[in-house]
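Please read the structure below before turning to the comments.
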Amino acid sequence: MKPTDPHSPILHLQRQQLLLRMEYEYEKAEFQRQTETMGVARKVKRGLCWYPAQVGRSYYNSLNQLVVEITRSEDTDIEHCFEYGKPVCFFRQSADGGIHYINFQGTVSYADEARMVVALPGSGALVELQAAERLGVQLFFDETSYRTMFEALDDVLRAKGNRLAELRETLLGTLQPGFRELYPVRFPWLNSTQEQAVNRVLCARDVAIVHGPPGTGKTTTLVEAIYETLHREPQVLVCAQSNTAVDWISEKLVDRGVSVLRIGNPTRVNDKMLSFTYERRFESHPSYPELWSLRKEIRQLGNQARRRSYGERESLRSRMSRLRDRATALEVQINADLFDSAHVIASTLVSSNHRVLSGHRFGTLFIDEAAQALEAACWIAIRKADRVVLAGDHCQLPPTIQCYEAARGGLDRTLKH
């Protein structure tokens, strides 16, 4: 099919790029307008800001990031929008009410009602925070999600002669999906419709869809399909648009006895899911204490090197290099152990681009609540898979689009539609 054909996947994806750019520009302009015109008190009430905020202890986390604890003592009953992965900026409020932004951004790695942990770009940022009076923290415009979606669309457009190109043509309607002949599997605990859906998933070579309104047992069906797929494949990727949806399906899989590795902290952190997050599993690995000690020694030697003579610095740098090599080897081994022991890797669609998943491919990708996910976000995860299963209710509300023109142009239409 030529790119000039109105039904061409290439033209469709180029239009998705254009519409996504419209949404990006609109949301960015709206964010800047709010930042400039909305007072601190209104931002606090809307959950976009904590003020006043207190700086607590700082430390290096399991990912070797310098993090700092930020707490709020007032308005803790107001629900806030801070969650894992969100970018934030800090500001000082002067006595006359003027706002002075501190020139760096951090990333939320944990947040609850009154405390959050923020990853900082370096020790200089920590010094600035510790010296600041009348400190506040607010959400910053999230460029990362958009950048990742644009990269995914570029990759899909460029795909040629590979599995991604085949999935592009199949999902966008120019190739018929293939199915294999398998003897039907019986599931006495499912009804006939659910049983048929699971078997269709197992037979699909390229794409399968599981849909139905609330109360029809989509989650039960999806969990069964994942469980059965794991009898045929060593590992699958399970994604959804939101952290809440990922947590929900992950909990159901854990209840079924499936080993889940959760990439990205759940939004509603609870003990059950925390124990399955990458960070918690990383810290629990038997080799982690040695890795932590190596990283600590490397930082101490780095501080010493700045105060030593040239000859002494060279000796310290040589030792630091050997320690870094050992630390890198340990980190690689820990990651290999975590991924080898997990049957399901679970993340949001955007977080499937996380650095710890770099180079990983999966036989099957399951996207839950696919009718709520932007098409561009789905392609982020599809790049890592050979087969795609979409689940959700196509009659539910579409993704939230802020730009009316982008929504009218079709940005709110998802792959599941």
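The residues of the chain are indexed from 1 along the displayed sequence.
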*Using a 4.5 Å cut-off on heavy atoms from C-beta on, say whether the side chain of Y146 contacts that of E23.*
yes
_Given the ring of W248, does K252 sit roughly above its face, with NZ or CZ under 6.0 Å from the centre of the six-membered ring and within 45° of the axis?_
yes
*asked:* My understanding is that only one of E228, E251, E224 makes a salt bridge (charged side-chain N to carboxylate O under 4.0 Å, His left out) with R256; could you say which?
replied: E224
*Between F150 and R21, is there a cation-pi geometry (under 6.0 Å to ring centre, at most 45° from the normal)?*
yes
*Do the side chains of W379 and I382 get nearer than 4.5 Å, heavy atoms only?*
yes
*Could you tell me whether the side chain of L357 reaches within less than 4.5 Å of the side chain of F362, counting heavy atoms only?*
yes
_What I'd like to find out is whether the side chain of R355 reaches to under 4.5 Å of the side chain of L63, using heavy atoms alone._
yes
_Min side-chain heavy-atom separation H343-L261 under 4.5 Å_ = no
*Intermediate values then yes/no, side-chain hydrogen bond (donor to acceptor under 3.5 Å, both in side chains), T71 and R115*: CA-CA 4 Å; T71 58; R115 180 179 73 97; over 6 Å; no
*asked:* For the CG atom on N103, are there more than 12 heavy atoms of other groups (residues, nucleotides or ligands in this structure) within a distance under 6.0 Å?
replied: no
*Taking C-beta and beyond as the side chain, do I345 and Q235 meet within less than 4.5 Å on heavy atoms?*
yes
*Do side-chain atoms of R72 reach the backbone of A114 as a donor and acceptor pair under 3.5 angstrom?*
no
*T328 side chain vs R324 backbone, donor-acceptor pair below 3.5 Å*: yes
_Any heavy-atom pair between the side chains of R387 and V207 that's under 4.5 Å?_
no
_Closer than 3.5 angstrom, by distance alone: can the side chain of E69 be matched with the main-chain N or O of M116 as a donor-acceptor pair?_
no
_Main chain of S341, side chain of S259: is a donor-acceptor contact present, judged purely on distance under 3.5 Å?_
yes
*asked:* Is there a side-chain contact between E297 and L323 in this structure, where contact means two heavy atoms from C-beta onward sitting under 4.5 Å apart?
replied: yes
_Parallel, tilted or perpendicular: rings of F141 and F31 (30°, 60°)_ = tilted
_Residue pair Y404, Y26: steps toward the ring-ring contact (aromatic ring centres under 6.0 Å, His included) verdict_ = CA-CA 9 Å; Y404 173 75; Y26 181 92; over 10 Å; no
*Cationic tip of R200 above F179 ring, under 6.0 Å, 45° of axis*: yes
*asked:* Over 60° means perpendicular and under 30° means parallel, so tell me whether F104 and F90 are parallel, tilted or perpendicular.
replied: tilted
_Ring centroid separation F82 to Y110 under 6.0 Å_ = no
*Should the pair R262 and Y278 be classed as cation-pi, given the thresholds of under 6.0 Å to the six-membered ring centre and 45° from the axis?*
no
*Step by step, would you call E279 with S62 a side-chain hydrogen bond (donor to acceptor under 3.5 Å, both in side chains)?*
CA-CA 6 Å; E279 288 83 0; S62 60; over 6 Å; no
*asked:* Given 3.5 Å as the limit, does a donor-acceptor pair link the side chain of N353 with the main chain of T148, or not?
replied: no
_With ring-ring contact (aromatic ring centres under 6.0 Å, His included) as the criterion, how do H360 and F339 come out once you've worked through the C-alpha distance, each side chain's angles and the decisive distance to 0.1 Å?_
CA-CA 10 Å; H360 284 268; F339 280 94; 4.3 Å; yes
_Tell me whether E195 contacts the main-chain N or O of F187 through its side chain, where contact means a donor paired with an acceptor under 3.5 Å._
yes
